[in-house]
Amino acid sequence: VCKGRRLFVAMRHSDVKPRTHVACYDVDTGERLWRTPVCAADTRASGRGDEITHGLLTLAGDTVYYNTNLGAVAAIDSVRGEVRWLRRYERAAVPAGAALPRHFERELSPAVFASGVLVCAPADTPALFALDAATGKMLWTTDRAAAATQVLGVAGGSVVVTGSQCWSFDLATGREKFVWPASSVAGIRG
């Protein structure tokens, strides 16, 4: 993602435990202005399947947000490269020999920013959740859209996600507004 002469890049170093960073470059000179480590964790399939990662960033104002898909979401100051907050979330455990759940198909899953709220659908959890973009405080979480593979966006105070179905959730509360086609799954927490 770019802002003015700055290019922000999500970086991932594969090792025994993959490590993630966010870096900032000057677009005219290619000079690295800063690089900030974010987190390190086992991959979501723990080496049991082919995994191709695509770390995408979200830029809002002077903050770069990174949904790492490794158990953490980060907010980083776009000028200095300092971590403003880091929010850990519960990752899904997959027993050995079990099929990988549908949410593992969430490859391109950048956080979506709207009205001071950051909506996240990481690939390593069935949860869809919202964070206060300024503090990282958890506002709500739901597993009603565990089969969702994409957060389409926010319109009229509603978060719209798709996958095997289409869901709409209230941005402020996480309350489900509709699901199409209708079915019953587990509900909202917190």
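For the single chain, residues carry numbers from 1 onward in sequence order. Both backbone and side-chain heavy atoms feed into the values below; hydrogens, waters and symmetry mates do not.
We find that R84 and D62 are joined by a salt bridge, their nearest charged nitrogen and carboxylate oxygen being less than 4.0 Å apart.
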Please list, one pair per line, the donor and acceptor atoms closer than 3.5 Å that link side chains of residues 110-121 to other protein atoms, with sequence neighbours excluded.
none

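Residues P181 and Q165 form a side-chain contact, since some pair of their non-hydrogen atoms from C-beta on lies under 4.5 Å apart. A 4.5 Å side-chain heavy-atom check between R87 and M138 finds at least one atom pair inside the cut-off.
The backbone N or O of V160 lies less than 3.5 Å from no partner atom in the side chain of S168, so there is not a single donor-acceptor pair. Not a single donor-acceptor pair under 3.5 Å links the side chain of W85 to the backbone N or O of I76. Between the side chain of E82 and the backbone N or O of D77, no donor-acceptor pair lies under 3.5 Å. Looking only at distances, a side-chain donor or acceptor of T68 sits under 3.5 Å from a matching main-chain atom of A72. Remark: side-chain polar atoms of Y89 are paired, donor with acceptor, to backbone N or O of G71 under 3.5 angstrom. For the pair T63 (side chain) and A75 (backbone), a donor-acceptor distance under 3.5 Å is absent. A distance-only check finds a donor-acceptor pair linking the side chain of D132 to the backbone of T135 [under 3.5 Å]. Under the 3.5 Å distance criterion, the side-chain polar atoms of W140 are left unmatched by any main-chain donor or acceptor of F129.
The hydrophobic cluster containing V179 also contains F169, counting ILVMFWY residues as joined when their side-chain heavy atoms lie under 4.5 angstrom apart, directly or transitively. Cluster annotation: V9 and V83 are assigned to distinct hydrophobic clusters (Ile/Leu/Val/Met/Phe/Trp/Tyr, side-chain heavy-atom contacts under 4.5 Å, transitive). The cluster map of Ile, Leu, Val, Met, Phe, Trp and Tyr, joined by side-chain heavy atoms under 4.5 Å apart, puts V159 and L152 in different clusters. Connection of V151 to V1 is not established within any shared hydrophobic cluster, with ILVMFWY side chains joined at heavy-atom distances below 4.5 Å, either directly or through further cluster members. No continuous path of hydrophobic side-chain contacts links L56 to V22 [ILVMFWY only; heavy atoms under 4.5 Å].
If you take CG on D26 and CD on E31, they are separated by 6.5 Å, rounding to the nearest 0.5 Å. With rounding to the nearest 0.5 angstrom, the CG atom of L59 is 6.0 Å from the NZ atom of K3. Taken from SG in C166 to CH2 in W180, the straight-line distance is 8.5 Å, to the nearest 0.5 Å. The line from CG of L70 to CZ of R91 is 5.5 Å long, rounded to the nearest 0.5 Å. Note that the OG atom of S158 and the CG atom of D170 stand 6.5 Å from one another [nearest 0.5 Å]. Rounded to the nearest 0.5 Å, atoms CZ (R88) and SG (C39) are 9.5 Å apart.
Across W167 and R144, no two heavy atoms sit closer than the pair NE1-O, 3.2 Å. The nearest pair of heavy atoms linking G157 to K177 is O-NZ, 3.9 Å. Across all non-hydrogen atoms, the minimal contact from M11 to A23 is SD-CB, 3.4 Å. A pairwise comparison of heavy atoms in S164 and A147 identifies OG-CB, 3.3 Å as the closest pair.
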Checking L139 against L131 for the side chain to side chain contact (heavy atoms under 4.5 Å, CB included) test, could you report, in this order, the C-alpha distance in whole Å, the side-chain angles of both residues, the deciding distance, and whether it holds?
CA-CA 5 Å; L139 300 175; L131 304 173; 5.7 Å; no
Checking L128 against T141 for the side chain to side chain contact (heavy atoms under 4.5 Å, CB included) test, could you report, in this order, the C-alpha distance in whole Å, the side-chain angles of both residues, the deciding distance, and whether it holds?
CA-CA 6 Å; L128 170 73; T141 182; over 6 Å; no
Side chain to side chain contact (heavy atoms under 4.5 Å, CB included), that's the test. Do W34 and R80 meet it? Break it down for me.
CA-CA 7 Å; W34 52 260; R80 296 183 304 278; over 6 Å; no
Check step by step if side chain to side chain contact (heavy atoms under 4.5 Å, CB included) holds for V73 and Y66.
CA-CA 6 Å; V73 177; Y66 186 25; over 6 Å; no
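At a cut-off of 3.5 Å, with distance as the only test, no side-chain donor of R6 or S78 sits close to an acceptor on the other residue.
Within a 6.0 Å sphere centred on NZ of K137, other residues, nucleotides and ligands contribute 12 heavy atoms or fewer.
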